[in-house]
Protein chains: 4
Amino acid sequence: MNRQNTEELSRAEDSKNRILLAAEQIFSHKGLDGARVDEIAAKAEINKRMIYHYFESKENLYVEVLRRNYNKIYNLTKEAIVPGAAPQENAERALRRYFYFLAQDEEFVRLVSWEALQQGRYGSKVLPELLYLLQEDLGQILREGIEQGVFRQDLDIRHTLLSIHALCHVYFNRHDMVQPMWPTDRMSEDMLESRLQHILDLVFHGILSPTKRADFSK
Amino acid sequence: MNRQNTEELSRAEDSKNRILLAAEQIFSHKGLDGARVDEIAAKAEINKRMIYHYFESKENLYVEVLRRNYNKIYNLTKEAIVPGAAPQENAERALRRYFYFLAQDEEFVRLVSWEALQQGRYGSKVLPELLYLLQEDLGQILREGIEQGVFRQDLDIRHTLLSIHALCHVYFNRHDMVQPMWPTDRMSEDMLESRLQHILDLVFHGILSPTKRADFSK
Amino acid sequence: MNRQNTEELSRAEDSKNRILLAAEQIFSHKGLDGARVDEIAAKAEINKRMIYHYFESKENLYVEVLRRNYNKIYNLTKEAIVPGAAPQENAERALRRYFYFLAQDEEFVRLVSWEALQQGRYGSKVLPELLYLLQEDLGQILREGIEQGVFRQDLDIRHTLLSIHALCHVYFNRHDMVQPMWPTDRMSEDMLESRLQHILDLVFHGILSPTKRADFSK
Amino acid sequence: MNRQNTEELSRAEDSKNRILLAAEQIFSHKGLDGARVDEIAAKAEINKRMIYHYFESKENLYVEVLRRNYNKIYNLTKEAIVPGAAPQENAERALRRYFYFLAQDEEFVRLVSWEALQQGRYGSKVLPELLYLLQEDLGQILREGIEQGVFRQDLDIRHTLLSIHALCHVYFNRHDMVQPMWPTDRMSEDMLESRLQHILDLVFHGILSPTKRADFSK
DNA sequence: TATGAATGAGCTTTCATTCAT
DNA sequence: AATGAATGAAAGCTCATTCAT
């Protein structure tokens, strides 16, 4: 009985998962309005009815997909911070981790972007966590760096966080711009690393404290 | 007869314009799939039938809106370049102009973003112009700066252009992130200027050539 | 222009009417849940879409049908009352009128019955008018009759009204009981008149005041 | 093994009963079309599948519920007839019994009404029994009364039976009319008794033979 | 006997598009 | 040039019913 229950449960759990996975792909590519429930059902290889059984509505399924995705970054940067390490080192580690997380999961990037355009109507319940992450973890690194005199004293932390976010996302986001700019495969190891290096370059040599640089006469 | 024709024509022009304006607003806020032809007709205060008369289909109207918007930046940065002026000065002028152009026309920003997510399916015919602008005009400034030794010799122009784009757009794009980060009105003069200053800071002190800065030991 | 408008309007009005008529028939026979929008559209010889254009939802169409039907009895009994005439005469006239109104419009009877079973969920907004009619008009006759000593002093007006309603409706309502009880056509002139006579008999000789009858020892 | 079988059987009986009870409630409130199999299963606290196991289909379950209900009145009035008692006394006893039977089991009333509206499509197999009851038992009393000269010679038995039925049912049927007419609880002891008294009054003083009343000049 | 998961057919509703004037 | 009315195709969603265990 117990085993049977377990089996049953796992079958249901499996179906739910297949739906979520299919939905994730389709929502991330076509958005909420562009996605078709039939298409999701077909991709999940399940009867459309089950989608409503498990998620009640298309909109709700979308929110669930969002929630699942936002959860992915919960523990992402936390681990990146090594207490006692140099702020610059911590920052680079966190940034690199963030960048490669996005590289690994373009669907996440796209979902976040759809949400942004839809004015966060659906994800607003789950978005704050993303901001929390950026502001608390990455922000913490920046604050420490400023205190220790490694980063510029006049650094605007919030703008900097937004900029880091932008510099990473744009590469995965703006498919349409990136593709025509480079002949190489956008997602090749080399290309990724070169983009990350550019970001680190840009970010650090903009945020390094004046004492680290002799001439800061703008 | 002639006068009547003129009147008719101008009335027609007017109708067409009202449709385009209404469409622009609605498409920019809801995307192609989210927009409703009825809504556009209502906003344009015109009979729905006229939309098909003038534009043949919803999709076509969308492309027309895109084209109109991409045209806006044709002459944007060209004027920003003052031949003979210092590259840094030219770059700042162009960047400022670009940033305030976006600030003035958020609908443009949003339309471009929708397009990006839709994999440039509709705007692909018109997008190249945007890239042209960035690569030719702003890119030209960067190239000159490198040649003149003002900007770093190892600067990746393409990445830099993409980054500038990202740093500007993100502020108008990610409504959902920006709003909760600052208490002040996102579009107030002060906030806009502070964002622009941050971008200039970040960009320049990352791209200035090593000779301009004493210590560039990365 | 004006004529065109009139024509257009009447065409729309006509469509709306066709929908209402078709809906009335189908709702009255199958109820709200049993009715199919497709069936209504087919019967109205109109595109299903128009139903939603004019009535917004199936439920709303149902309410509209109810309203239309309840309106039918607005002026029904009012005209039956001849001021100054004997209460018994007025009552008979009103009752006869009511009975033949139901006979003429079985759909009305059925709609009212569906509503009753659905606990007046949809018609509750419109039902009060029906009650008003019974209580004000027919009730007025009864009150006068009591005052004039023609009807029993202890007559419960509300119960009597309810009973009159029941005695009339049951004949058109309980198709399933009536049909097997009589060999003749339920709706033939003779049958209708015999039913009405029975009702009048039952009602009057129950409500006539004791002074009109020698022995009222129950 | 035997005991287990017994247990299984009684458990089965119990399940069947729970289903029937739940179905009765839901069908009586929402009708065949309005009822949901899921809802019935939930109310019966049983797996939906069992409904099909025991009853094969929703429609079949409905018929079973009807049959069960119609059976309730089998022996209802039979016992009411006391041979040799005065017809009026017997009639009153039967009528009272019928009225309070309905009062006790409103679900029965509602089911009968749904059936009537659905043109007796499903109950036609079981309805005759109800008619039998009325015509045989109550009808018998009326016939005796006429023979004995207690009831009017010109009394139409069938119409009278139909009327009695209507006068009783309407009170439990037309929830929507009754509720707004009285401030008191519709089902309170006082209200029920007052309704019954009204019916008896109405019925008897309409059907009592002329010899029992001094003046029957219609 | 009992169950959780699944299904297909069909429902209400929506939408871009076209007809008739 | 302009409009109100109408449409077909397809969307989201629901339901009675059955499968697998």
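Each chain gets a letter, A, B and so on, in the order the sequences are listed, and its residues count up from 1.
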note: L61(B), atom CG; dA16(E), atom P; distance rounded to Å ~ 11 Å

To the nearest angstrom, the OH-P distance between Y62(C) and dC11(E) comes to 19 Å

message: Is it the case that the side chain of W114(A) and the backbone of L32(A) share a donor-acceptor pair, with hydrogens and angles ignored and the cut-off at 3.5 Å?
response: no

K58(C) meets the side-chain hydrogen bond (donor to acceptor under 3.5 Å, both in side chains) criterion, sequence neighbours left out, with none

Regarding I46(A), tell me which of base, sugar-phosphate or nothing describes its non-hydrogen contacts under 4.0 Å with the strands shown. sugar-phosphate

By salt bridge (Lys or Arg N to Asp or Glu O under 4.0 Å), E59(D) pairs with (sequence neighbours left out) none

When rounded to whole Å, the CZ to P distance for the pair F55(D) and dT17(F) reads 14 Å

By side chain to side chain contact (heavy atoms under 4.5 Å, CB included), A41(B) pairs with (sequence neighbours left out) K48(B), I51(B)

For N69(D), the side chain to side chain contact (heavy atoms under 4.5 Å, CB included) test, sequence neighbours excluded, returns E24(D), V65(D), K72(D), D105(D), F108(D), L111(D)

M50(A) atom CE is separated from dA9(E) atom P, nearest whole Å, by 17 Å

Sorted by chain and residue number, the side-chain hydrogen bond (donor to acceptor under 3.5 Å, both in side chains) partners of Q118(B) (sequence neighbours excluded) come out as Y62(B)

From NZ of K30(D) across to C1' of dC15(F) the rounded distance in Å is 14 Å

When all nucleic acid strands are considered with a 4.0 Å heavy-atom cut-off, which category describes H53(B): base, sugar-phosphate, or nothing?
sugar-phosphate

- Task: Would you mind checking if K30(A) and E39(A) are paired as a salt bridge, meaning a charged N to carboxylate O distance below 4.0 Å?
- Result: yes

In whole angstroms, the gap separating P of dA20(E) from CZ of R11(C) amounts to 9 Å

- prompt: Below 4.0 angstrom from OP1 or OP2 of dA2(F), is there any side-chain N or O of S15(B)?
  reply: yes

Salt bridge (Lys or Arg N to Asp or Glu O under 4.0 Å) filter on E64(D), not counting sequence neighbours, yields R67(D)

| message | Just to be sure I understand the rule, does Y54(B) reach a base, reach only the sugar-phosphate, or reach nothing, if contact means heavy atoms closer than 4.0 Å? | response | sugar-phosphate

To the nearest angstrom, the CG-C1' distance between D14(C) and dG4(F) comes to 14 Å

Taken to the nearest whole Å, CG/N60(C) to C1'/dT12(E) is 14 Å

Taken in chain and number order and not counting sequence neighbours, the residues that satisfy salt bridge (Lys or Arg N to Asp or Glu O under 4.0 Å) with K16(A) are none

Under the rule of Watson-Crick or G-U wobble with both distances under 3.5 Å, where | means paired to another strand and [ ] a crossing pair, DNA chain F maps to .||||||||||||||||||||

With B for base contact, S for sugar-phosphate-only contact and - for none (protein heavy atoms under 4.0 Å), nucleotides 8-14 of chain F reads B-BSSBB

